[in-house]
Amino acid sequence: MYALVDGNNFYASCERVFNPGLQHKPVVVLSNNDGIIIARSNEAKALGIKMGTPAFKIKDLVNQNQVVAFSSNYALYGDMSQRMMQIFHDFTPAVEVYSIDEAFLDFNGFDLSHIRATGVKLRQKVRKYIGIPVSVGFAPTKTLAKIANRIAKKHMSDGVALIDTPEKIKKALQMTAIEDVWGIGRQHSRFLQQHKVKTAWDFTQLSDSFIRKKMSVTGLRTKAELLGTACIPLELIPPPRKAIRTARSFVKSTADYEFINEAVARFAAACGEKLRQQQSAANLLTVFLRTDKFDKKNSYYANSFTVQLSNTSSGIDLVKAAKKALKIIYKKDFTYKKAGVLVSGLVPEKNRQLSLFDTHYSKHRQVMKIMDQINKTNGYHVLKLAAEGQASAWHLKQKYRSKRYTTRWQELIEIKV
DNA sequence: TCTGGGGTCCTAGGACCC
DNA sequence: TCTGGGGTCCTAGGACCC
């Protein structure tokens, strides 16, 4: 028996924890650069505000209905997430943190006769300790737990749903639209609907060979999971990433080479930090660059270039490689809206293949270690490579960001009495 | 004026090996 | 005229997830 627990409207709920006056009011959270809607409270959903809508398109709606908008505050959401996950560990040791706002919990081997009550208790505890409302869905497979969670959110007043018999499975599948099944995205649900598959139940009635042919083994796995055969195991220890990417849109398109060069250096350095955090080294580094894809007046240009590295997590090596790659793809007749750096071909740092002529690496390693340490204890990026420039020049637009209440002493919540 | 960011897995086809 | 059989590795593209 698995449970899927997730925070309802997570980012919006995080904002409400520190701003209780926002209960029952429409709240939305915006993406980087305050571009699009990435989270909505129920009240905002009721107003018809859709996920992914550009913020400027719903300006009137926001003003008319006193919708409160926040820039995204990942420092806050990340920390709130960790606290929430800790509570989950009070209920079972087997917790897979699946995303910032949800986790799969494994209750195999538990006495299941009171499992529903456990769900209610978990929900109450998270509400009390963290302040976030969560929904809990129990079922024998992860895919069904996702469905149970959805039902809990939509139909259960206590936020908990349990699917534990073949009859309940059938009923749950019949009330779930095909496009709401975990693992079936836009393309496949459009295709399936053309074949008269409307619900998750309809999907389970298709033949294995048809599914295999049209949706490969992943589709087959989804069918088995929906019928109660667990195929997707719990991952208790997150496997190391196989690729790491840092990319940003610029607030304004620009042709300024120095500006882009510094931004790309910053992205490369950020990739290095993430690499060292998971103790990996990279063998490839890709820089990509593109103009504004929404700009119909000017011609579109997008390009990328990949540089070979030799097992490095040194920010110095990465920045050097990134600058080299940028030089190759930059064309001066365009203005650029977005750039990024991707490192791949990752290997565990301890398996690093040494090179005979490799004299600099151990020095770099020590420098990076010290940099990381200083940045950790003294605040993000007090120390950086000169190539990264003054960073502030290309800073994100974050007009409505709340304080980082839980991770900065200077930004603690203030209570006036 | 204004449109995010970061990942994974599977398959087919090409290049290569014996 | 007639041209085997079995395998691996890599990459690009498409689908999916949050």
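For the residue pair Glu388(A) and Ala269(A), the shortest heavy atom distance occurs at OE2-CB, 3.3 Å. Nearest heavy-atom pair, Asn32(A) versus Ser72(A), reported as atom, atom and distance to 0.1 Å: N-OG, 3.7 Å. Minimum heavy-atom separation, Ala3(A) to Val136(A): CB-CG1, 4.3 Å.
For the atom pair Tyr129(A) OH and Ile87(A) CD1, the distance stands at 6.5 Å (nearest 0.5 Å).
Within 4.0 Å of Val29(A), counting heavy atoms only, lies no atom of the nucleic acid at all. No contact: Leu30(A) has no heavy atom under 4.0 Å from any strand. At the heavy-atom level, Ala55(A) lies nowhere under 4.0 Å from the strands shown.
Proximity of the aromatic rings of Tyr11(A) and Phe70(A) is defined here by a centroid distance below 6.0 angstrom, and this criterion is not met.
Between Lys293(A) and Leu342(A), the one whose closest nucleotide on DNA chain B sits nearer the 5' end is Lys293(A). Between Thr246(A) and Arg212(A), the residue anchored closer to the 5' end of DNA chain B is Thr246(A), taking for each the nucleotide with the nearest heavy atom.
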Test log, rule side chain to side chain donor-acceptor pair (under 3.5 Å), inputs Asn9(A) and Ser41(A): CA-CA 6 Å; Asn9(A) 317 324; Ser41(A) 71; 5.9 Å; no

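A cation-pi arrangement is not found for Lys331(A) relative to Phe334(A), the charged atom failing to lie both closer than 6.0 Å to the ring centre and inside a 45° cone about the ring normal.
Nucleotides of DNA chain C with any atom under 4.0 Å from a heavy atom of chain A span, from 5' to 3', dA15(C) to dC18(C).
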Per-residue pairing states of DNA chain B in dot-bracket (Watson-Crick or G-U under 3.5 Å; . unpaired, | other strand) read ....||||||||||||||

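Ring pair His364(A)/Tyr361(A) is tilted by interplanar angle, where 30° to 60° counts as tilted.
dG4(C) and dC17(B) are spaced 15 Å apart, taking the C1' atom of each and rounding to whole Å.
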